[in-house]
Amino acid sequence: MAVAFSLSLKNLFKSAPKTDLPDNGFELPGQNGDAIILIHGMTGTPHEMRFLANYLNRQGYAVYCPRLANHGAPIQILKMSKWQDFYQTVRQCYLQVRGQYKHVYAGGLSMGALLALLLADEFKNEIAGVSCLSPTLFYDGWNSPWYRCLLPLAYNTPLKYFFYFKEEPPYGIKNEAVRRRIHEFYSRADLHNMEQVNQYGYPFFPLTLLYQLEKLVKHLSGRLQGISTPVQLIQAKHDDMSSERNSEFIYNRVKSNRKELVLLHNSYHIITADQERNAVAMHMQRFFSGQPNLV
């Protein structure tokens, strides 16, 4: 990741305001009486969950994919968000569908996986299963920057409001065709002119959000042992952003009687849109339907 510095005081000490930007979250009605909430990653977009949503919907599931709070807004607004804002989006989505389905499942990508686990922790007897896709508690993948261990030094200083990290190849994607499309967008993006964010997500990652992720991880880590909901973890063996240690950390702590860890061998971090996305969707459908992993 390349480092960018922006000395802009706009919105620096204000709460993140509401915006009127179009919301690209989506809902797909189902036929089997069950529903799945899909949660995109931090600085990501519901678009990255679209393939899974369409696949699972064809299996009969109703699918809800909300856009997390302030995603789609200018990055100066997004960077002031708290992890609780993101969880509140997921929580409200669940409360809107609560009681309407026989079973409700949750699946999330990267930070979205952590939010799905929080939902299972709060609504212990109501969430029927959780699928964690490339869960990210530690940025320890093979493409993580060497200076990541220095970031906590800035978390408790005003510097965190001015530093951003720009995504660089491979962008969490092993598929070369998809990676080229992302590179075309990311290579011309800057902090103040980011077209197509609704489709590709933010090319810049504010340091403030890394700080919020650290706080979310600390909060969730203390609650994992109270989670007994069935938990599935799917991670790429060669994840460029977060290693399989992330999935192992969760697997070894949750108290679920039914849990599994699936490793992929031809993908990077964004497994919902990469080369094995069909396998990911099939594993999720199998797990949610109660079938064991026989591979």
Side-chain angles (χ1 to χ4, degrees), residues 1-4 38-45 47-52 71 107-116 131-152 163-187 189 194 196-197 199-207 209-214 216-217 232-251 261-281 283-284:
M1 291 184 179
V3 180
L38 294 178
I39 310 162
H40 66 81
M42 183 182 285
T43 73
T45 167
H47 183 74
E48 65 196 19
M49 311 301 285
R50 175 62 78 167
F51 178 86
L52 297 186
H71 285 68
L109 173 68
S110 196
M111 182 197 71
L114 312 189
L115 299 178
S131 182
C132 300
L133 313 174
S134 306
T136 303
L137 302 98
F138 327 106
Y139 278 98
D140 60 350
W142 58 264
N143 197 40
S144 298
W146 62 267
Y147 47 79
R148 65 185 183 277
C149 59
L150 302 177
L151 297 181
F163 280 97
Y164 303 81
F165 297 91
K166 188 173 185 180
E167 292 280 1
E168 293 186 326
Y171 311 116
I173 294 290
K174 189 173 184 179
N175 183 282
E176 293 184 2
V178 176
R179 192 193 307 165
R180 280 195 297 270
R181 292 199 299 270
I182 296 173
H183 181 72
E184 182 180 353
F185 163 55
Y186 278 18
S187 62
M194 297 181 294
Q196 296 179 290
V197 162
Q199 182 175 359
Y200 294 113
Y202 293 82
F204 290 89
F205 206 112
L207 183 58
L209 293 192
L210 289 177
Y211 178 50
Q212 289 301 313
L213 178 62
E214 182 183 80
L216 169 58
V217 169
Q232 176 188 59
L233 300 128
I234 308 179
Q235 189 131 25
K237 184 76 173 175
H238 305 292
D239 191 319
D240 55 317
M241 298 184 186
S242 56
S243 76
E244 61 193 87
R245 180 169 72 102
N246 291 262
S247 287
E248 293 169 350
F249 183 93
I250 296 170
Y251 184 92
L261 172 54
V262 178
L263 292 178
L264 306 175
H265 297 275
N266 195 28
S267 301
Y268 291 158
H269 187 66
I270 312 298
I271 59 175
T272 58
D274 210 348
Q275 309 207 113
E276 295 168 286
R277 61 183 187 174
N278 194 67
V280 172
H283 277 298
M284 291 179 70

Novice: Taking atom CG of Asn266 and atom CG of Asp274, what is their separation to the nearest 0.5 Å?
Specialist: 7.5 Å
Novice: Checking Phe185 against Val197 for the side-chain contact (heavy atoms from CB on, under 4.5 Å) test, could you report, in this order, the C-alpha distance in whole Å, the side-chain angles of both residues, the deciding distance, and whether it holds?
Specialist: CA-CA 9 Å; Phe185 163 55; Val197 162; 4.3 Å; yes
Novice: Compare every heavy atom of Ser131 with every heavy atom of Met284, then report the nearest pair and how far apart it is.
Specialist: CG-OG, 3.5 Å
Novice: Not counting sequence neighbours, which residues clear side chain to side chain contact (heavy atoms under 4.5 Å, CB included) with Glu184? List them please.
Specialist: Arg188
Novice: Rounded to the nearest 0.5 Å, what separates atom OG in Ser267 from atom NZ in Lys237?
Specialist: 14.0 Å
Novice: Provide the closest heavy-atom pair for Gly172 versus Asp240 in the form atom of the first, atom of the second, distance.
Specialist: N-OD2, 3.1 Å
Novice: Do side-chain atoms of Asn143 reach the backbone of Met241 as a donor and acceptor pair under 3.5 angstrom?
Specialist: no
Novice: Hey, is the main chain of Ser134 close enough, under 3.5 Å, to the side chain of Thr136 for a donor-acceptor pair?
Specialist: yes
Novice: Given 3.5 Å as the limit, does a donor-acceptor pair link the side chain of Tyr186 with the main chain of Tyr200, or not?
Specialist: yes
Novice: Which atom names give the shortest non-hydrogen contact between Thr43 and Pro206, and what distance separates them?
Specialist: CG2-CD, 4.4 Å
Novice: Report the C-alpha distance between Leu264 and Gln275 in whole Å, list the side-chain angles of each, state the deciding distance to 0.1 Å, and finish with yes or no for side-chain contact (heavy atoms from CB on, under 4.5 Å).
Specialist: CA-CA 10 Å; Leu264 306 175; Gln275 309 207 113; over 6 Å; no
Novice: In Å, rounded to the nearest 0.5 Å, how long is the span from CD of Gln212 to CG of Leu207?
Specialist: 11.0 Å
Novice: For Glu214, which residues count as a side chain to side chain contact (heavy atoms under 4.5 Å, CB included) partner, sequence neighbours excluded?
Specialist: Pro152, Tyr155, Tyr211
Novice: Do the side chain of Ser247 and the main chain of Glu244 share a donor and acceptor less than 3.5 angstrom apart?
Specialist: no
Novice: Check Ala236 against Ile271 and note the closest heavy-atom contact, atom names and distance.
Specialist: CB-CG2, 4.2 Å
Novice: How many angstroms lie between atom NE2 of His283 and atom CG of Leu233, to the nearest 0.5 angstrom?
Specialist: 12.5 Å
Novice: Please name the residue in the list Leu137, Leu114, Asp239 that meets the side-chain contact (heavy atoms from CB on, under 4.5 Å) test with Asn246.
Specialist: Leu137
Novice: Between His183 and Pro169, what is the shortest heavy-atom contact and its length?
Specialist: ND1-CG, 4.2 Å
Novice: Partners of Thr272 by side chain to side chain contact (heavy atoms under 4.5 Å, CB included), sequence neighbours excluded?
Specialist: Glu48, Met49, Leu52, Leu109, Leu133, Ile270
Novice: Just to verify, what does Arg50 make a side chain to side chain contact (heavy atoms under 4.5 Å, CB included) with, not counting sequence neighbours?
Specialist: Phe26, Leu28, Asn54
Novice: So how far is it from Leu213 CG to Met42 CE, rounded to the nearest 0.5 Å?
Specialist: 5.0 Å
Novice: What closest approach, in Å, do Ser242 and His269 show between heavy atoms, and which atom pair accounts for it?
Specialist: OG-CE1, 3.3 Å
Novice: Please identify each residue that fulfils salt bridge (Lys or Arg N to Asp or Glu O under 4.0 Å) with Arg181, with sequence neighbours left out.
Specialist: none
Novice: Which residues pass the ring pair (Phe, Tyr, Trp, His ring centres under 6.0 Å) test with His71, sequence neighbours left out?
Specialist: His40, Phe86
Novice: Would a line drawn from the ring center of Phe138 to the ring center of Phe249 be shorter than 6.0 Å?
Specialist: yes
Novice: With rounding to the nearest 0.5 Å, note down the distance linking CG in Asn175 to CD in Glu276.
Specialist: 11.0 Å
